[in-house]
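Lettering of chains follows the sequences in order, A, B, ..., and the numbering in each one begins at 1.
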Amino acid sequence: MENEITLPESEFFAENTKITIIPNFKHAGFQILSGFYGPLRPSVAIEVPLWLGVFLKRQQKCRIIPPAWMDLQVLKDKFEEERKKEEFSELDFYYMEVSSLLLAHAKEDIPNHVLICRLIQDLQDLRTSKIRNSLQKITVENLYANFKDIASIELQAIRRLLPATYDSIDYMRKTENND
Amino acid sequence: MSLAEEILQLEAALRREKVCPEILNFESELVNKVVTAIESKQKLINSITIETIEQQFETQIYQLDLDRIKYLLSNYLRTRLFKIQALAFTIVITNKADMLSRKELAFLEKYYIIKTNLFKKSFLLKIPEEFRSIDHEDHSTSPDTEPEMNKHVFIRALDTIGNCKLPNGQTANINKDDIYLLPYSLIKPLIELKKIDLI
């Protein structure tokens, strides 16, 4: 076991995100450890954790309403914003985990899912290249940048490398000062 | 605090423990409550006799939820055991034992004895006596890789922190929701004040 947050673990955390579903069955509600969800009525929207939504979907007991940001126009605008801005634009911290779960299990509930899948991939590429570019600009005097709105998936990508690099830079700076 | 909130707190504790280079305080209250809840729910589920498809469906959901919480708990406990093994000598030398639960302490004691004996048998008895001691008071001879307090960790500000002097002379104005990669030793007090979270 590694002592760091792994991709399956961040998917596990992402599965607690609340999403809206429209059930097609009637039930008084589920009193599970992580909360009470109910009552469920056909065609009445209700918020549940993502894992429960996916479970019900796989049993064909509900339709999933994708989160507001998983919309073609919203994502197109987001992509434009991301391209113009130097910083990250605001996105769900688990946007990649949530969207890939939904695209895997409920793609018929997502209008334009093929295009949306492509756009999310493009968005991630853009954000990753932003990180790469900003890393090239790092100097010892200007080491500490604000990573505001970085998402879990991008954090995972740099978690292995960046902290260790910073540790070394710090170490070199200290030894230099001691000379 | 409701059970749902406690589960969220345990999740946050797991993330903190995963990222933090040193051992943190054992969340005994959270763990006790979650363990009690898991046990009573498991009993309840086991007592259900499944007769209808409806009941089977419900039980499946309860079990699924329960398995997720069990995984969360065991992941938390295992992350700590992993760290206790890696930092065994440091925890003993620096007197951090009060950060551990009773069971963890029992584990540490056994682990410490086994490891010390192994070291003695394999090489300590073959070197001059003055070099044999494992736990010098000045920490200089701790055989662990000690927790690197200057290791960089990703933090998210839960609150406005304001100007923060950084080790390279830079000053950062840290606002709520900002994410920085900073040396652990620098931000340690802010974790205790719940002003930042490790991510």
**OP:** Measure A:N142 against the heavy atoms of chain B and call it side chain, backbone, both or neither at under 4.5 Å.
**Re:** both
Original post:
Where does A:Y144 contact chain B at under 4.5 Å (heavy atoms): side chain, backbone, both or neither?
Top reply: both
Original post:
Any chance CG of B:L125 has more than 12 other-residue heavy atoms, nucleotides or ligands included, within less than 6.0 Å?
Top reply: yes
Original post:
To the nearest 0.5 Å, how far apart are CD1 in A:I5 and CD1 in B:I199?
Top reply: 8.0 Å
**OP:** Sort B:F154 into side chain, backbone, both or neither according to what part of it lies under 4.5 angstrom from a heavy atom of chain A.
**Re:** side chain
Subject >> Largest heavy-atom contact set with chain B, pairs under 4.5 Å, which of A:N146, A:I32, A:L52 >> reply: A:N146
**OP:** Pick whichever of A:Y166, A:F55, A:F36 has the most heavy-atom pairs under 4.5 Å with chain B.
**Re:** A:Y166
**OP:** Assess whether atom CZ of A:R63 is packed by more than 12 heavy atoms of other residues, nucleotides or ligands within 6.0 Å.
**Re:** no
Original post:
Where on A:L143 is there a heavy atom nearer than 4.5 Å to chain B: the side chain, the backbone, both, or neither?
Top reply: both
**OP:** Determine whether A:L102 and A:L7 fall in the same hydrophobic cluster, where Ile, Leu, Val, Met, Phe, Trp and Tyr are linked whenever their side-chain heavy atoms lie under 4.5 Å apart.
**Re:** yes
Subject >> Segment of A:E15 engaging chain B (4.5 angstrom heavy-atom cut-off) >> reply: both
Original post:
Atom CD of B:E148 and atom OH of A:Y171: how far apart are they, to the nearest 0.5 Å?
Top reply: 11.0 Å
Original post:
Is there side-chain contact between A:R173 and B:P167, with heavy atoms separated by less than 4.5 Å?
Top reply: yes
Original post:
Atom CG in B:L14, atom CD in A:E9: separation rounded to 0.5 Å?
Top reply: 6.5 Å
Original post:
Is it the case that more than 12 heavy atoms not belonging to A:E90 sit under 6.0 Å from its CD atom?
Top reply: no
Original post:
Among A:N16, A:I150, A:I158, who wins on heavy-atom pairs under 4.5 Å with chain B?
Top reply: A:N16
Subject >> B:Q55 atom CD, neighbour heavy-atom count above 12 within 6.0 Å >> reply: yes
Subject >> Distance, nearest 0.5 Å, that separates CG of B:L64 from CZ of A:F30 >> reply: 11.5 Å
Original post:
chain A heavy atoms under 4.5 Å from B:A37: which part of the residue, side chain, backbone, both or neither?
Top reply: both
**OP:** Counting only heavy atoms closer than 4.5 Å, note whether A:D170 contacts chain B via side chain, backbone, both or neither.
**Re:** side chain
**OP:** Measure up the A:F25 and B:F57 rings against each other and bin them: parallel (under 30°), tilted (30 to 60°), perpendicular (over 60°).
**Re:** perpendicular
Original post:
Is it the side chain or the backbone of B:I69 that comes within 4.5 Å of chain A heavy atoms, both, or neither?
Top reply: side chain
Subject >> Interatomic distance, A:T139 atom OG1 to B:Q170 atom CD [nearest 0.5 angstrom] >> reply: 8.0 Å
**OP:** Heavy atoms only, distances under 4.5 angstrom: which of B:R156, B:K41, B:H152, B:E6 has the most pairs with chain A? Name it, please.
**Re:** B:H152
Original post:
Taking side chain as C-beta onward, heavy atoms only, is B:V19 less than 4.5 Å from A:R159?
Top reply: yes
Original post:
Rounded to the nearest 0.5 Å, how far apart are CD1 of B:I61 and NE2 of A:H27?
Top reply: 7.0 Å
**OP:** Might you confirm whether atom CD of A:Q60 has over 12 heavy atoms from other residues, nucleotides or ligands at distances under 6.0 Å?
**Re:** no
Subject >> A:L56, part contacting chain B, at a heavy-atom distance under 4.5 Å >> reply: side chain
Original post:
How far apart are the closest heavy atoms of B:A4 and A:S34, and which atoms are they?
Top reply: CB-O, 3.5 Å
